[in-house]
Amino acid sequence: MALVLGVDSSTQSCKVVVVDSVTGAIVRSGRAPHPDGTSVDPEAWWVALQQAIADAGGLDDIEAWAIGGQQHGMVALDAEGRVIRDALLWNDTRSAQAADDLIGEFGASVLADRTSLVPVASFTITKLRWLRDHEPDNAARVAAVALPHDWLTWRLRGFGPERPDLKELVTDRSDASGTGYWNPRTGEYDRELLVAALGHDAVLPRVLGARESVTDAAGRRVAPGAGDNAAVALGVGARTGDVVVSIGTSGTIFAVTDRGVADPSGIVAGFADAADGYLPLVCTLNAARVLDVIARLLDVDHDGLSTLALEASPGAGGLELVPYFEGERSPNLPEATASLNAMTLASTTRENLARAAVEGMLGGLRFGLDALRELGIPLDRVLLVGGGAQSGAVREIAPLVFGLPVEVPEAAEYVAVGMARQAASVLD
Ligand SMILES: Nc1ncnc2c1ncn2[C@@H]1O[C@H](COP(=O)(O)OP(=O)(O)O)[C@@H](O)[C@H]1O
Ligand SMILES: O=C(CO)[C@@H](O)[C@H](O)COP(=O)(O)O
């Protein structure tokens, strides 16, 4: 029996599973929290990764491992392998103007053609432009740019300020495709775009093929890893016709396709997947935390919120929650705020508020389903995953809002499971 280890370094926490590579059974698991905020010192993720691995019994008996992580976060390194400043995360909207500037300079269709993305504040390229514009001294020191999963892979392989070999940074197709300076159709970095954003060239992680591997300091196999959404696709075994809806910190709606998508409207991101295909995806900034904040307001836990929501009628008596608590990315409204509409003396009950939170959050995700459908992507059934899929009310109300059959795979950490599968696939 060979044991493999898969990691999900997500926005809110780090989760690790140890899996029997032959049976696929999860034999151990561990986790550790991440700090709040949209700008985070990557060192906190490294500490959490080591805690979560220790919690899962350590690496001694592991033969291969892979790391999946939140996409897009800018980890800027100097020539000595030190992190230059806190990483700006996918949900940090300060680079919205930088996104507009890049679109103004190149044009949305040209960028969609060259990278399969039209920049919004989430993508790494806009964060580099923000750095150049607002912290030019920091920008000038950047020798390499990595994403969270790339940087953690490098650290766990034994690199870092003590062994700063920047050429050993590696990534995979899925995470490279979320930067805004990689072309999923050619498989090449677009260095002109990198330079236009950062102001100069820099080392970028080598993009490993799905079946390639490297090794760590102890000689274990290390698989390429992935962005967390591509890792979920591996974990749930998504097929043509499936649309995965993940309700985590982000809400993501995505399908696995053979052909790439370049949507000049920018609503659908034309990501690559972690195998040889593509992962057209819509991402909302407001998902599980919409339920968290309303549960806190109503002074109930998640089960309590679910019970209240199911006690109200569909439509919540007219009460409508517009869920843009963190601004929004899809639609692109970085400055938007949330609001509660149609409050009357009759409609303003605890039950209706709970239901409006669930319906409002799911309505935001429905926007993504419609966008995928408009591109002709087949949508036969929804696979609902992520922390928010644990809610009974979400499971019951989702088919009504989505107008599609909804299946909820057995609760599991599918990013970490997908990464354990990838690690198993690079064993001889
Ligand atoms: N039973 C539940 N009902 C609704 N939300 C839940 C439930 N359990 C966990 N969550 C929420 O799910 C989120 C964590 O989900 P997860 O998919 O792990 O997110 P991420 O990968 O972004 O860290 C948290 O905001 C948490 O409060
Ligand atoms: O920005 C995106 C996808 O484009 C997000 O899905 C991030 O990848 C964060 O994921 P979670 O931590 O919410 O799982």
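Predicted, not measured: the structure shown is a model, and the values here were computed from it. Both ligands and their constituent atoms are indexed starting at 1 by order of listing.
- Proximity to R329 (heavy-atom distance under 4.0 Å) selects the following atoms of ligand 2: 1 (O), 2 (C), 3 (C), 4 (O).
- Nearest protein heavy-atom contact of atom 24 (C) of ligand 1 is Q12 NE2, 3.6 Å.
- In this structure, H34 contributes its side chain and S10 its backbone to a donor-acceptor pair below 3.5 Å.
- Among all protein heavy atoms, the one lying closest to atom 1 (N) of ligand 1 is Q390 CB, 3.3 Å.
- Ion pair K127/D92 not flagged as a salt bridge, since none of the NZ, NE, NH1 or NH2 atoms sits closer than 4.0 Å to an Asp/Glu carboxylate oxygen.
- Taking all heavy atoms of S306, G387, A295 into account, the minimum distance to atom 17 (O) of ligand 1 is reached by G387.
- For the 3.5 Å distance criterion, the side chains of Q97 and D101 qualify, holding a donor opposite an acceptor.
- At under 3.5 Å, a nitrogen or oxygen of N229, whether backbone or side chain, sits near a nitrogen or oxygen of ligand 2.
- Here L375 contributes atom CG and D263 contributes atom CG; the two are 5.0 Å apart, rounded to the nearest 0.5 Å.
- A donor-acceptor contact shorter than 3.5 Å is absent between the side chain of S13 and the backbone of R31.
- Ring-plane geometry between F159 and W154 is classed as parallel, the angle between the planes falling under 30 degrees on a 0 to 90 degree scale with a further cut at 60.
- For ligand 1, the atoms closer than 4.0 angstrom to any heavy atom of K15 are 16 (P), 18 (O), 20 (P), 21 (O), 23 (O).
- Taking every non-hydrogen atom of G386 and a distance limit under 4.0 Å, the qualifying atoms of ligand 1 come out as 17 (O).
- Figure legend: R185 and Y278 shown without cation-pi pairing, the cationic atom not lying both under 6.0 angstrom from the six-membered ring centre and within 45 degrees of its axis.
- The shortest N or O to N or O distance between Q70 and ligand 2 is not below 3.5 Å.
- Annotation: the span from H302 atom NE2 to D292 atom CG amounts to 4.0 Å, rounded to 0.5 Å.
- Distances below 4.0 Å separate heavy atoms of T252 from the following atoms of ligand 2: 6 (O).
- Given atom 22 (O) of ligand 1, the protein heavy atom at minimum distance is T249 OG1, 2.5 Å.
- Some N or O of S250 is nearer than 3.5 Å to an N or O of ligand 2, by distance alone.
- Here the heavy atom of the protein found nearest to atom 25 (O) of ligand 1 is D292 OD2, 2.6 Å.
- Of all protein heavy atoms, the one lying nearest to atom 13 (C) of ligand 1 is A288 CB, 3.6 Å.
- Using a 4.0 Å cut-off between heavy atoms, T249 contacts ligand 2 through both its backbone and its side chain.
- Atom CG of L404 sits about 11.5 Å away from atom CG of L384, to the nearest 0.5 Å.
- Considering backbone and side-chain atoms together, H302 places an N or O closer than 3.5 Å to an N or O of ligand 1.
- In the model, T11 has a side-chain atom that pairs as donor or acceptor with a side-chain atom of W90 under 3.5 Å.
- Here the CZ-OG1 distance, from R350 to T307, works out to 11.5 Å after rounding to the nearest 0.5 Å.
- In summary, of the residues considered (R329, Q71, H72), a side chain to side chain donor-acceptor pair (under 3.5 Å) with S122 occurs for R329 alone.
- Distances below 4.0 Å separate heavy atoms of F271 from the following atoms of ligand 2: 4 (O).
- The shortest N or O to N or O distance between S13 and ligand 1 is not below 3.5 Å.
- Here the shortest heavy-atom distance to atom 7 (C) of ligand 2, taken over H72, Q71, Q12, belongs to Q71.
- Set against the non-hydrogen atoms of S10, the atoms of ligand 1 under 4.0 Å away are 20 (P), 21 (O), 23 (O).
- Taking atom 12 (O) of ligand 2 as the reference point, the nearest protein heavy-atom neighbour is T11 OG1, 2.4 Å.
- With hydrogens left out, the protein atom closest to atom 11 (P) of ligand 2 is D228 OD2, 3.3 Å, a heavy atom.
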Would D276 and R211 count as a salt bridge (charged side-chain N to carboxylate O under 4.0 Å, His left out) if you check the C-alpha gap in whole Å, the side-chain angles of each, and the deciding distance to 0.1 Å? CA-CA 10 Å; D276 301 314; R211 281 162 291 280; 3.0 Å; yes
